[in-house]
Amino acid sequence: MLGGAGAVTYATAGPNSGDGPADPRAERPARVHDLALKGDGAAKGELPRTSTEQFSLLGVSWSGATAELKGTARVRTRALGSGKWSGWRTLGLEPHPSEAGARAASQPLWVGPSDGVEVRVTAADGNTSDVLPKGLEVNLVDPGVTPKESMAPAAFAPTAFTTDGDTPAKPTAPPSTVTQPPLIKRAAWGADESLVKDAPKYVDKVKAVFVHHTAGTNDYSCAQSPALVRGLLTYQVRTEGREDIGYNFLVDKCGRVFEGRGGGGRGVDASVRGAHTRGFDGESAGIAVLGDFEGDPATGRPAGRPSRAALESVARVAAWKLGQYGTSPAGKATLTASDDTGVWKKGEQASLYAVSGQRDAETAPGPGKNLYAELGEIRRFAGSPGANSAAPTGDFDGDGSTDLVAGTPKASGGRGRLTVIPGGDGGPVGGAKISLTQTSTGVPGVSEPGDEWAAATAWGDLNGDGYADLVIGAPGEDDGSGNTDRGAVTMLYGPSFTSGTDMQLSDDFHYSKARFGSAVASGDFNADGKADVFAAATGTGGSWAARLDADRGSAGSLTPGDTAIADADAASGDFNRDGYADVALTYRDQAGKAKVAWFRGGRSGLSRVGVLSVPGGRSVAVGDVNGNGYDDLVIGQPYTAESGAHTGGQVTVVPGTSTGFTTTGMKTVHQATDGVIGAAESGDAMGWSVAAGDYNADGYADVLTGAPGEDITRSGTSRKDAGTSLLLKGSASGLTGTGAMAFSQDEPDVPGSTESGDRLGSSVTLADLSGSGRADLAIGVEGEDAGDGTILQLDSDGSGVPGASGVYYGRTTLGTPAAARLGQTLTP
């Protein structure tokens, strides 16, 4: 036990009493286990050890809304199942509650499933008398398990973003000038409405939005977010004595938005009065980001960094609510303090930003120093067209983790197949795979040899319902007019993929060998709240088309004079930070020269800007590699002759700016760059595939690239085209070779055996497949097992990527046909 002068220490710990469910995933309601802390005033006071039931969130509370805890409360917890104790954590104190009958309390702390806790209170002045206020308790919250969550993953039927069942409520708020972002409603996250103590109240006008942080930790998976929100509701009502959860909205690190305080029916539209910012609840809305962005100097715990997805979701919600009342999110508002807050006196006129932090209004650390520093970016985004745009997503089932798509266009004689592998807490869930072909229910078209269905794929929320939809290119598709390999693009709508449409083409594409759909991308090009589709045709004419909303589209030529093109790849991002998604397309022209064309988004959709001065390659990806807020373009350049690339291939990152791309700060990395593993050799094909994502959550997008032509020698035997992949780090100065990592079947701890012709790195993905807030790795190995192919998936743990985390998803797991070359294409 920890004690010492001026310390009052209490221990309350398991083992578990055994009263809880044998299966921790069994359906059960949320509940609170309260343990009274009654010290004897000695320097060390200790309670008898007692049993405690399973919990995931905790805090301490005491009688009296204004009573003070004259000391510091710290806790440590024991993880359920493993018996491992955490380090000590300091509990921050909540501002004094404004609701009648409420108790004073610490901020709630999410600790994950646990069965033991130790609590200690240290007096600030060394005097242990009167340290403990009356009625001091440690409150252990089990958020329970909803019926939906208790279902097996394969049987999970997502309903998170439904708006069905809403009924009109009074007063009715005016419509907003900004599209409402998708919300996870209270029923979907499992709110226990029997906890709510009173009917909802409403504000006449939302003049400002206050940003908070909550839950005390960043160490949660997005799959746990609904339970975390339930835990907060239970803690704030049962422990603190509030009427309902205090915040109007909550946002997790994956950018999902949860409806907070209930309003009945259309409460989110009617501007429910929350209990989030003392003195200003009657004129504002409160948005809490699930996380800790302040840190704990006492224990050395660093402050977390808010994710870009979370920042943009906060901005979208703020712009929507303020847009109902004609308030600019980039401007200021004048509010009247209804109480003394420690910052403002009762009745004082407070001039505040329309999007402010909790600490601007009352004495409180929220929203934490790192989130507070981002309020300017939140205001900027909220005031841009981006606030009205569809959030980029690759999550078709709404569980907070990105889902993996493996296209196998060579399957079944070139008919093609697509396999969706849902992300999950432990990475992709192979047992919940979804296999799709043109014979599947609801999929348009006819499956025929040579269609190459799923040769190119992309994710995007095409109908604005919050679920990711699929865009699928089939460049070998023939039409009904005798045009061979005219090509087609199919859109399938998540979460079921049982309905879809074919992309409507202009007359420019009504000819043989157009191979429309050789490259596809998705983004909200006109910022109307729904993602749009870009597709390129590589045949005669080298043309492109963009689909906006349901029917509207445009078409054009890549570059005057370019006819047949090859090796097309496309990616979407906001390169000039104007709020409209853009597209970059790389290809080889008829002379074999590698180029990159930029298509800029705008109110009317995409327009072609021109060809960059930077050589193209074979693959492209998008990410903020230098962390300055602009999306950068990542170009994989495996061919020396076509792009002037370094021997063995290279990766080039072209920075985005307010005026487009710039060569200033452009970085190129290859296997002769300091820090990069391996030797640059002809035929390695580094850059054959590229992906961008932040694997260590440091705010800089990193780059994963495949080199499927790499030869690997082991025990004196050269294994030709065994292949490797390289993880390159982003930094404030751009892409760097420092700290690079290599992953192949010949690296220590990585499972599998290196063989000639495996071509590991034929495709790559760097995306949050586990809902951890960090990007995980997926690497295609198309030549494995004589062309059956496989996917190597590795988890990021924040400090690195353990090779031992590797899991293979092959023909047996995913059910792909023989010789399908699984791993040829991956999305995202």
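Throughout, residue positions are numbered sequentially from 1 according to the sequence presented. Since this is a predicted model, take the numbers as computed values, not measurements.
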Taking S176 for the side chain and W320 for the main chain, is one N or O donor matched with an acceptor at less than 3.5 Å?
-> yes
Do Y587 and D562 have a side chain donor and acceptor closer than 3.5 Å?
-> yes
Residue pair K513, D485: steps toward the salt bridge (Lys or Arg N to Asp or Glu O under 4.0 Å) verdict | CA-CA 5 Å; K513 307 300 182 183; D485 293 346; 3.4 Å; yes
R608 CZ to W544 CH2 distance, which is reported to the nearest 0.5 Å = 9.0 Å
In plain terms, say whether R256 and D395 are close enough for a salt bridge, that is, a side-chain N and a carboxylate O under 4.0 Å apart.
-> no
dist T790:OG1 -> L792:CG (nearest 0.5 Å) comes out at 7.5 Å
Does the distance from a Lys or Arg side-chain N to an Asp or Glu carboxylate O, for R618 and E642, drop under 4.0 Å?
-> no
Determine, for D451 against R415, whether the closest basic-nitrogen to carboxylate-oxygen distance falls under 4.0 angstrom.
-> no
F396 and F497: aromatic ring centres closer than 6.0 Å?
-> yes
Residues, nucleotides or ligands: over 12 heavy atoms within 6.0 Å of K410 NZ | no
Decide whether S389 and D524 meet the rule of one side-chain donor and one side-chain acceptor closer than 3.5 Å.
-> no
In plain terms, say whether D589 and K593 are close enough for a salt bridge, that is, a side-chain N and a carboxylate O under 4.0 Å apart.
-> no
Is it true that D469 and K530 have a side-chain N and a carboxylate O under 4.0 angstrom from each other?
-> no
Among side-chain atoms of T586 and D569, is any donor-acceptor pair under 3.5 angstrom?
-> no
Heavy-atom distance under 4.5 Å between the side chains of W688 and V764, does that happen here?
-> no
Value rounded to 0.5 Å, distance of CG in L404 from CH2 in W459 = 9.0 Å
Parallel, tilted or perpendicular, as decided by the 30° and 60° cut-offs, for the rings of F661 and W598 | perpendicular
Compare all side-chain heavy atoms of D768 with those of C254 and state whether any distance is below 4.5 angstrom.
-> yes
Any donor-acceptor pair under 3.5 Å from D461 side chain to G466 backbone | yes
Considering all heavy atoms, the nearest T652-Q637 contact = OG1-OE1, 2.7 Å
Does the W189 side chain pair with the main chain of S225, one donor and one acceptor, at a distance under 3.5 Å?
-> no
